[in-house]
2 protein chains.
Amino acid sequence: MGNPLILKLSHGIDLDEDERAALSALTERTVPSAARHVIMRAGEPSVNLHLIMSGVAIRYRLLPDGGRQIFALLLPGDFCDLQAHLLDHSDHYIETATDCAIVEIPPAIVDDLVLTRSRLARALWWATLVDESVTREWMLGLSRRPTDKRMAHLFCEILLRMHAVGRGERDSCAMPLTQAQLADVLGITNIHVNRVLQELRDRDLIVLKKRQLLVPDLPRLQAFCDFDPGYLHLGQRARAAESRGARAPQPSSARTL
Amino acid sequence: MGNPLILKLSHGIDLDEDERAALSALTERTVPSAARHVIMRAGEPSVNLHLIMSGVAIRYRLLPDGGRQIFALLLPGDFCDLQAHLLDHSDHYIETATDCAIVEIPPAIVDDLVLTRSRLARALWWATLVDESVTREWMLGLSRRPTDKRMAHLFCEILLRMHAVGRGERDSCAMPLTQAQLADVLGITNIHVNRVLQELRDRDLIVLKKRQLLVPDLPRLQAFCDFDPGYLHLGQRARAAESRGARAPQPSSARTL
DNA sequence: CGGGAAGTTGATATCGATCAACTCCCGTGG
DNA sequence: CCACGGGAGTTGATCGATATCAACTTCCCG
């Protein structure tokens, strides 16, 4: 398995050998973290930055009544809190969903990196923009997508993002969230998650067991939920390469599958 | 009325005279834009950055079926697309809701500013983090807050944000969205907006007419919707002085209908 | 083998969507 | 000055998706 950070940033910027080496060095020393462990707590100032190298974590906020919304799934190659040290206090929690390997980075190192390696800085900047784009897509789904499509959309996203960092097989990947956690992503009840999952299974859109997601027919799943992968900004470099090469680029690469 | 950009950034960083002058110069030349005018279109690369100096704009995305979600209210002092020029294409629209005065800034100017004035760069960085925090709060509301509180929460936010940039009176400010636009912010139907608005009016929590919002008793409205202004990060520099700005109201003033 | 977390099922209640009018406001042109 | 027209706002009736409540089962792990 390749270095997920390098794989991820490669989607935004063409990294040279030197830059790859720098990123490798940065991610050399990982710290293990057990599942269900809080990495960052709301209301507390953050000290180190955290980068997921393996496993899955969640970012969420709580309501006084106990309601919870998960804002983001943090997969290998994702920074948990690249930005947070500029605000006086964190407003959300970060917690591992599975056993993870995490890199803890003092902010000074990142600051230095940003100053001395502007191309890498740009790549990090790019990564945070993609995260925001994903957040907006989730928001759109929460307000406007029916529940079954919302869930299907999430599964499409997870599969593609896992692939993008070299995790998972051709048509399957880890999907380590419990139904209750899924509920907190989708903004519905865990009971309702259960029923919608059954519906998706009955339609043979997904197979989900033992925390493994299998998608027998990705185009069909994508069609079901109007999934357009553009918001993940995965093809940025590939698209550019392709357009200076042979074929004319299609408007939306989604439909060509 | 002070310069809204300076007022806004002052909440994040203590600006010196020199920095204020630089920001003043940056915002000197505004372009008028009529209400309901599209500033940025999804799918197109962005050329200039846009900064709102007066008026209100909205950022939104569309679904194939015509559904729309407004992701952000862009008030005076807000950048529309500070980040966007790093991604290969924009994934959302920006449109004025009222007549606006807008500053158009070539990306090169911002890049230069960032390189030569690291404190201002930091302030801009801070502003985008606050925007993200607001986005997350909206997301939490969409999934977990009942509609009436969601709407009340939005009104609290608008009032505070307008105050933060020197717009609006003690207990009132402009609220230029139509009920249909409000619906696209809150993720509900315009019909339902109408009914919930009536409920809030019946409870004397708000007075809204002629696109003017008046909150007779802000603490009561805040209590109603569990509003915690922390996510706006307004008090960062002067928390004690400012975050408890709304004192317990005189019962007499609550009678003014 | 036992216990707790995760997942499943059924019955009922409710919030908000949908459909269909209708009114109000305001600006515009005759 | 009035008539018209369109957008915004308002109202009522009905329907459906999802929450809620209350068991129950299965799985996993010590």
Side-chain angles (χ1 to χ4, degrees), chain A residues 34-37 56 58 63 65-70 95-99 141-154 174-202 206-213 225, chain B residues 34-37 56 58 63 65-70 95-99 141-154 174-202 206-213 225:
Chain A
R36 304 296 180 101
H37 172 245
V56 175
I58 56 178
L63 239 32
D65 68 11
R68 166 167 95 155
Q69 173 63 27
I70 295 176
E95 182 180 315
T96 55
T98 66
D99 293 345
L142 275 175
S143 88
R144 298 298 177 195
R145 251 187 270 270
T147 322
D148 49 358
K149 318 222 161 170
R150 188 144 90 236
M151 189 182 288
H153 200 275
L154 178 67
M175 209 308 293
L177 301 183
T178 65
Q179 291 186 3
Q181 289 170 326
L182 222 35
D184 287 340
V185 169
L186 299 171
I188 57 178
T189 307
N190 55 349
I191 295 164
H192 201 52
V193 165
N194 185 284
R195 294 183 168 133
V196 175
L197 263 178
Q198 289 179 42
E199 184 207 321
L200 295 186
R201 287 198 258 241
D202 286 351
I206 62 160
V207 179
L208 178 61
K209 57 184 168 202
K210 304 272 190 186
R211 306 287 142 90
Q212 274 282 322
L213 169 69
C225 59
Chain B
R36 305 294 179 102
H37 172 247
V56 175
I58 55 178
L63 278 175
D65 67 11
R68 168 166 95 154
Q69 173 64 26
I70 295 177
E95 180 180 318
T96 54
T98 66
D99 293 345
L142 275 174
S143 89
R144 297 300 177 193
R145 250 186 273 269
T147 324
D148 48 358
K149 317 222 163 168
R150 188 142 93 234
M151 188 181 289
H153 200 276
L154 177 67
M175 209 307 292
L177 301 183
T178 65
Q179 291 187 2
Q181 289 170 327
L182 223 33
D184 287 340
V185 169
L186 299 172
I188 57 178
T189 308
N190 55 348
I191 295 165
H192 200 53
V193 165
N194 185 284
R195 293 181 167 133
V196 175
L197 262 178
Q198 290 178 42
E199 184 207 321
L200 295 186
R201 287 198 259 241
D202 285 350
I206 62 160
V207 179
L208 177 61
K209 56 183 169 203
K210 305 273 190 187
R211 306 286 142 90
Q212 274 283 323
L213 170 68
C225 59

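Bear in mind the structure is a predicted one, so any value in this text is a computation, not a measurement. Each chain gets a letter, A, B and so on, in the order its sequence line appears, and its residues count up from 1.
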Participant: May I ask you to evaluate whether B/Arg36 reaches the phosphate of D/dA8, defined as a side-chain N or O under 4.0 Å from OP1 or OP2?
Facilitator: yes
Participant: Can you tell me if A/Thr178 touches the phosphate of C/dA6, counting only side-chain N or O atoms and a distance under 4.0 Å to OP1 or OP2?
Facilitator: no
Participant: Step by step, would you call A/Asn194 with A/Gln198 a side-chain hydrogen bond (donor to acceptor under 3.5 Å, both in side chains)?
Facilitator: CA-CA 6 Å; A/Asn194 185 284; A/Gln198 289 179 42; 2.6 Å; yes
Participant: Does C/dC26 have OP1 or OP2 sitting under 4.0 Å from an N or O in the side chain of B/Lys210?
Facilitator: yes
Participant: For D/dA17, take OP1 and OP2 only and decide whether either is under 4.0 Å from a side-chain N or O of A/Thr147.
Facilitator: no
Participant: For the pair made of NE2 in B/His192 and C1' in D/dT18, what is the distance, rounded to whole Å?
Facilitator: 14 Å
Participant: Measure the distance from CD1 on A/Ile191 to C1' on C/dA11 and round it to the nearest whole Å.
Facilitator: 12 Å
Participant: Quick one: B/Gln179 CD to C/dC25 C1', roughly how many Å, whole number?
Facilitator: 13 Å
Participant: Please check the phosphate of D/dG9 (OP1 and OP2 only) for any side-chain N or O of B/Asn194 closer than 4.0 Å.
Facilitator: no
Participant: Give a yes/no answer on whether the side chain of B/Arg211 brings an N or O atom under 4.0 Å of OP1 or OP2 in D/dG9.
Facilitator: yes
Participant: Strictly below 4.0 Å, N to O, side chains only: are B/Asp184 and A/Arg144 in salt-bridge contact?
Facilitator: yes
Participant: Is there a side-chain polar atom (N or O) of A/Gln198 under 4.0 Å from OP1 or OP2 of C/dG7?
Facilitator: no
Participant: Report yes if at least one side-chain N or O of B/Arg201 is closer than 4.0 Å to OP1 or OP2 of D/dT10; otherwise report no.
Facilitator: yes
Participant: Nearest whole Å is fine: how far is D/dT18 P from B/Ile188 CD1?
Facilitator: 16 Å
